[in-house]
Amino acid sequence: MSSRTYESRARTHPTAIGRTLLSLMAAKKTNLCVSVDITDAATILSLLDAVGPSICVAKTHIDIIPFSNSPSSIAEFTAALSALAEKHNFLIFEDRKFADIGSTVKAQYGGGVYNIAKWAHITNAHSVPGPGIVAGLKEVAEELGVTRALLMLGEMSSKGNLGGGEYLAKTLEMARGDTEFVMGFIAQCAVDTREGEDWIVMTPGVDLGRKGDGLGQQYNTPDRVVREKGCDVIIVGRGIIGAEDKVAKAEEYRKAGWEAYEKRVAE
Ligand code: BMP
């Protein structure tokens, strides 16, 4: 696990998006990614405008939004989302979990109805299909001339998932094939790092109170995942979006995540 500060890693991270992310985390003192798993587009936008100062990343599942209310078009929503990211200095992560061959993910990432590559700085992919998935996604970013980064799913938070261990080790090997595009992992712990490597680990399954959700989700505290397990970014969904005072709750998670990080680099 890294005892280096986000600031120092921001200067040397091999991916451009990684450098941007680590640097804004240090500037805003936040390692909190809010997962806006909400089906109403306008509610997502107003929530992000309110919690924007507390977060480093906004994670979306754009395919859960029916776009039946205002904003009623995907383009209008993604433009407003991008404007909020600019205004509050956070990055957008579309949690698409690509899982197909290179040629198919190219079409899914670059086109379709969502045009994910046009507005999401970060997306993620399963390693099951092999390295062609990384190459396919990267080609989209290159063809569009945009700076993008990928997280590989190495281990999930849910009970009984097949990740971790050998699977994570093989995913890490795959990530090593493109250190300029793959910025890190979705995982529950820091990954084995060779001299000169730096992987950003973003971790879902974080809650300050609950242990699970009855559908397999498993939660750990910010202290456990950041200080003890060496993860870099906490991903919190229902812990924030389900709270009465979402702004106060986001601040509570930001503080908990930041304190855990400060302890880790001091240890
Ligand atoms: P919540 O904090 O409400 O449990 O939400 C977690 C979010 O993170 C969901 O959007 C889910 O899709 C995502 N996620 C996860 O929970 N576990 C993983 O291993 C990977 C995920 O992307």
Side-chain angles (χ1 to χ4, degrees), residues 30-41 43-44 47-48 51 54-65 81 90-99 105 109 114 116 120-128 133 137 149-165 167-168 171-172 175 182-191 199-226 229-244 246 249-250 252-254 256-257 260:
T30 177
N31 53 14
L32 171 64
C33 164
V34 68
S35 181
V36 282
D37 300 336
I38 297 169
T39 56
D40 182 65
T43 308
I44 295 177
L47 173 67
L48 287 176
V51 303
S54 305
I55 63 170
C56 59
V57 177
K59 185 176 83 61
T60 52
H61 280 299
I62 195 154
D63 57 356
I64 67 173
I65 308 171
L81 185 61
F90 61 74
L91 297 184
I92 304 167
F93 165 21
E94 166 58 24
D95 188 1
R96 173 62 179 76
K97 298 187 181 71
F98 289 100
V105 297
Y109 184 38
Y114 297 120
I116 295 166
H121 305 98
I122 304 165
T123 193
N124 54 355
H126 287 290
S127 51
V128 171
I133 193 168
L137 293 169
L150 184 68
L151 294 164
M152 305 234 36
L153 284 127
E155 180 182 20
M156 294 191 69
S157 57
S158 43
K159 196 170 182 191
N161 82 90
L162 304 178
Y167 184 92
L168 175 59
T171 304
L172 173 58
V182 183
M183 74 175 203
F185 299 89
I186 295 292
Q188 295 293 310
C189 60
V191 297
W199 302 107
I200 298 172
V201 176
M202 297 189 46
T203 305
V206 174
D207 198 284
L208 281 164
R210 288 169 309 158
K211 291 275 161 255
D213 69 352
L215 279 176
Q217 178 67 298
Q218 306 176 111
Y219 292 113
N220 286 299
T221 61
D223 189 68
R224 169 103 178 121
V225 302
V226 175
K229 308 284 269 179
C231 307
D232 295 307
V233 174
I234 54 170
I235 300 176
V236 183
R238 286 163 287 182
I240 292 171
I241 64 175
E244 197 139 314
K246 297 167 184 50
K249 201 44 104 176
E252 196 180 326
Y253 276 95
R254 184 197 66 77

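Only a predicted model underlies this, so the values are computations on that prediction, with no experimental measurement involved. Atoms within each ligand, like the ligands themselves, are counted from 1 in listed order.
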Chemist: So which protein heavy atom does atom 1 (P) of ligand 1 come closest to, and at what separation?
Modeler: Tyr219 OH, 3.5 Å

Chemist: Any donor and acceptor pair, going by atom type alone, linking the side chain of Gln218 with main-chain N or O of Ser157 inside 3.5 Å?
Modeler: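 Checking the backbone N and O of Ser157 against the side chain of Gln218, a donor-acceptor pair under 3.5 Å is found.
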
Chemist: Would Ser158 count as being in polar contact with ligand 1, using the rule that some N or O on each side must be under 3.5 angstrom apart?
Modeler: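 Such a contact does not occur with ligand 1.
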
Chemist: For atom 2 (O) of ligand 1, which protein heavy atom lies nearest, and how many Å away is it?
Modeler: Gly237 N, 2.9 Å

Chemist: Once you round to the nearest 0.5 Å, how far does CG of Leu153 lie from CG of Asp95?
Modeler: 7.5 Å

Chemist: Students should be able to answer this: which protein heavy-atom is nearest to atom 19 (O) of ligand 1, and at what distance?
Modeler: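 Residue, atom and distance for the closest contact: Ser157 N, 2.8 Å.
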
Chemist: Within the side chain of Asn161, is there an N or O that forms a donor-acceptor pair under 3.5 Å with the backbone of Met156?
Modeler: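 Between the backbone of Met156 and the side chain of Asn161 there is a qualifying donor-acceptor contact (under 3.5 Å).
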
Chemist: Using a 3.5 Å distance criterion without hydrogens, assess whether the side chain of Tyr219 forms a donor-acceptor pair with backbone atoms of Asp213.
Modeler: no

Chemist: Among all protein heavy atoms, pick the one closest to atom 21 (C) of ligand 1 and tell me residue, atom and distance.
Modeler: Lys97 NZ, 3.4 Å

Chemist: May I ask you to list the atoms of ligand 1 that are less than 4.0 angstrom from any heavy atom of Met156?
Modeler: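 Those atoms are 18 (C), 19 (O), 20 (C).
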
Chemist: Counting only heavy atoms not in Leu162 (residues, nucleotides, ligands), do more than 12 fall under 6.0 Å from its CG?
Modeler: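 No, not enclosed.
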
Chemist: Hey, which atoms in ligand 1 end up nearer than 4.0 Å to a heavy atom of Asp37?
Modeler: 5 (O), 7 (C), 9 (C), 10 (O)

Chemist: State whether the side chain of Asn220 and the backbone N or O of Val225 hold a donor-acceptor pair below 3.5 Å, judged by distance alone.
Modeler: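 No: the side chain of Asn220 does not pair with the backbone of Val225.
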
Chemist: Among protein heavy atoms, which lies nearest atom 16 (O) of ligand 1, and at what distance?
Modeler: Gln217 NE2, 2.8 Å

Chemist: Where on Ser35 is there a heavy atom closer than 4.0 Å to ligand 1, on the side chain, on the backbone, on both, or on neither?
Modeler: side chain

Chemist: For Gln188, is the nearest heavy atom under 4.0 Å from an atom of ligand 1?
Modeler: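 It does not, in that no heavy atom of Gln188 comes within the 4.0 Å cut-off of ligand 1.
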
Chemist: Could you report the tightest heavy-atom contact between Val201 and Val191, atom names first, then the distance?
Modeler: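 Taking Val201 first and Val191 second, the nearest heavy atoms are CG2-N, 4.3 Å.
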
Chemist: Identify the protein heavy atom lying closest to atom 20 (C) of ligand 1, giving its residue, its atom name and the separation to 0.1 Å.
Modeler: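 For atom 20 (C) of ligand 1, the nearest protein heavy atom comes out as Pro204 CG, 3.4 Å.
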
Chemist: Where on Arg238 is there a heavy atom closer than 4.0 Å to ligand 1, on the side chain, on the backbone, on both, or on neither?
Modeler: both

Chemist: Give the minimum heavy-atom separation between Asp232 and Asn31, together with the two atoms involved.
Modeler: O-CB, 3.2 Å

Chemist: For Asp95, counting its heavy atoms only, list the atoms of ligand 1 lying under 4.0 Å from any of them.
Modeler: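 Atoms satisfying the 4.0 Å criterion: 12 (O), 13 (C), 21 (C), 22 (O).
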
Chemist: Return the residue, atom name and 0.1 Å-rounded distance of the protein heavy atom closest to atom 11 (C) of ligand 1.
Modeler: His61 NE2, 3.9 Å

Chemist: More than 12 non-hydrogen atoms from neighbouring residues, nucleotides or ligands closer than 6.0 Å to NZ on Lys159, yes or no?
Modeler: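 It does not: Lys159 NZ has 12 such atoms or fewer within range.
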
